[in-house]
Amino acid sequence: MRKILLGLAVVALAVPVFADHFNKIVKVGDKAPDFSGIPAVSPSGEQSSLTLSDLKEDVVVLVFLANHCPVVQACDDRIIDFANDYKDKSVKLVAVSVNDINQDRLPGIKSHMKEKKLNYTYGYDESQAIGRAYGATNTPHFFVLDKERKIRYIGAMDDNAMHESKVTKHYLRDAVDALLAGKTPQVEETRAAGCSVKYKKSK
Amino acid sequence: MRLSFTVLSPSLVAAGLVLAGFPGGSAADDRASTGTIKLESLKWSQFKERLASSKPAKFTLVDVWATTCGPCKENFPHLVEMHRKYAGKGLAVISLTLDDPTDAKAVAEAEEFLREKKAVFTNVLLDENYGDGFDKLDINTIPAVFIFSADGKEMKRFTMDDPNHQFTYEQVEKEVVALLEGTQPKGFAK
């Protein structure tokens, strides 16, 4: 028995300790959960709303954010750059917060938007329903939807959320580029790195 | 994949006995050791060895946190409290921070936090590439809590990874009590 256990331990060490599926609710290939009428702020600071069926672009990037989160703050500029670089390629990035934290609600979003000059519409879902539907556990947490609005990529923007200078893999850009080229992204799911999203206990 | 650790080293068992502080847990012990609260840098393999050598403690409770994690810090007193209540009954407690080991400021902040919270148990800084701890533990986010058997086998994990089943520290404590009282059948781990 001892020998068998030791053998198993060796095997366990030889195999990567992570599976390539991290999301507990949705998986790549699933139809993107619908959302509509989520109160939001547009880049100009105006009251707006987020509705999936209103988005006509070929690719939609939905990202869960939280103003308070140091990891989000470290990624802010990268997300702005992404939205900017892809705006003429029929790619639309929209952001949403579901955190039950004052700073992460609409007024906080408004001031964060102004301060950082965010260039994408950013909503707040008090019900947290969109977060539950997508299994969003982190901020930032990215979901890439194709033209048929199927989920094609889930996870992190790149391989170093805190330090852009140390990034070697650009998962989000690579996935979106693949879809725009009519291909399947090489990496379809990664572990999102960032602050945890706390959900209210379901009734 | 669940973690399974079976290799035991006699010297580490001895070290584990000392560091686990078992069967401490009295208020007097806490006061005596407050001055010696420290943060140990351990590689993942060393951490696993430590877990596998926690006897005579019956179980090891591991709380995974980081200084950048608000909810982790908010809930840290629960860990201190559980150590106070159950160390004498056979529970070893380890805090494991996933802060960047190369970030001196973060490490100093972690040490300061542990002293402030009177974390009179084993405190470990994972000495691996920043972020690798999540893969090693197979968790998406923190806080996360694990219960390991005395030989280092994962018995139970509590995570925030499923929006519909996020853990609370009340659940952790319930499980700890059940395990210590032996109301859970032995070897129910997967």
Side-chain angles (χ1 to χ4, degrees), chain A residues 1-13 15-19 22-26 64 66 68-71 73-74 98-99 101 103 128-139 141 154-156 159-163 166 190-202, chain B residues 1-8 44-45 48-49 51-52 64-75 98-100 102-103 105-106 109 128-145 151-154 157-168 170-171:
Chain A
M1 187 61 188
R2 193 79 194 149
K3 266 189 185 147
I4 295 169
L5 283 175
L6 282 170
L8 284 173
V10 170
V11 171
L13 291 173
V15 180
V17 281
F18 55 89
F22 309 110
N23 194 296
K24 303 277 192 266
I25 306 291
V26 295
F64 289 83
H68 85 274
C69 170
V71 188
Q73 290 162 15
V98 299
N99 272 354
I101 297 176
Q103 199 184 341
Q128 302 187 314
I130 187 174
R132 281 185 200 275
Y134 281 84
T137 51
N138 295 64
T139 55
H141 201 162
I154 304 171
D159 62 350
N160 199 317
M162 283 307 279
H163 305 285
K166 293 182 187 167
T190 58
R191 201 187 288 283
C195 306
S196 57
V197 176
K198 175 128 173 50
Y199 288 92
K200 293 171 254 192
K201 286 280 161 213
S202 38
Chain B
M1 164 156 320
R2 294 291 173 266
L3 311 163
S4 81
F5 318 123
T6 51
V7 188
L8 279 173
W44 175 246
S45 57
K48 288 192 297 183
E49 283 164 6
L51 286 177
V64 191
W65 73 291
T67 54
T68 49
C69 170
C72 301
K73 293 194 280 192
E74 216 171 277
N75 282 296
L98 300 186
D99 277 303
D100 184 349
T102 65
D103 182 343
K105 200 173 147 239
E109 203 183 314
E128 299 285 349
N129 286 331
Y130 184 46
D132 282 4
F134 291 92
D135 287 334
K136 304 276 189 201
L137 292 158
D138 190 19
I139 51 172
N140 295 338
T141 184
I142 50 175
V145 174
D151 57 357
K153 203 158 133 205
E154 180 183 324
R157 57 169 59 210
F158 300 87
T159 74
M160 306 289 279
D161 292 355
D162 181 339
N164 299 318
H165 299 94
Q166 293 189 321
F167 83 97
T168 63
E170 285 69 37
Q171 287 168 351

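Side chains included, hydrogens not; waters and symmetry mates left out as well; all remaining heavy atoms used. Here is how names work: the chains are called A, B, and so on, in the same order as the sequence lines, proteins then strands, and each is numbered from 1.
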Item checked: Inter-residue atom distance His163(A).NE2 - Tyr130(B).OH, 0.5 Å rounding -> 6.5 Å
Next item on the list: Select one option (side chain, backbone, both, neither) describing which atoms of Ala192(A) are under 4.5 Å from chain B's heavy atoms.
Entry: backbone
Check: Would you say the side-chain atoms of Gln166(B) pair up with the backbone N or O of Val197(A), donor to acceptor, closer than 3.5 Å?
Finding: yes
Note to self: Asp132(B): which residues meet the side chain to side chain contact (heavy atoms under 4.5 Å, CB included) condition with it, sequence neighbours left out?
What the structure shows: Glu128(B), Asn129(B)
Checklist line | From Thr141(B) atom OG1 to Phe22(A) atom CZ, the distance as rounded to the nearest 0.5 Å | finding: 13.5 Å
Margin query: I'd like to check the side chain to side chain contact (heavy atoms under 4.5 Å, CB included) partners of Ala133(A); sequence neighbours left out, ordered by chain and number.
Written below: Pro33(A)
Notebook entry, point to check: In this structure, which one of Arg132(A), Lys201(A), Lys24(A) forms a side chain to side chain donor-acceptor pair (under 3.5 Å) with Asn164(B)?
Noted result: Arg132(A)
Check: Of all of Thr159(B), Thr168(B), Asp161(B), which one pairs up most often with chain A through heavy atoms under 4.5 Å apart?
Finding: Asp161(B)
Check: Is the side chain of Ser196(A) donor-acceptor paired with the backbone N or O of Ile142(B) at a distance under 3.5 Å, no angle test?
Finding: yes
Notebook entry, point to check: Side chain of Asn140(B), backbone of Arg191(A): donor and acceptor closer than 3.5 Å?
Noted result: no
Next item on the list: Look up atom OG1 in Thr68(B) and atom CD in Gln73(A), then write down how far apart they are to the nearest 0.5 Å.
Entry: 11.5 Å
Check: Given a strict heavy-atom distance threshold of 4.5 Å, which part of Ala136(A) is in contact with chain B: side chain, backbone, both, or neither?
Finding: backbone
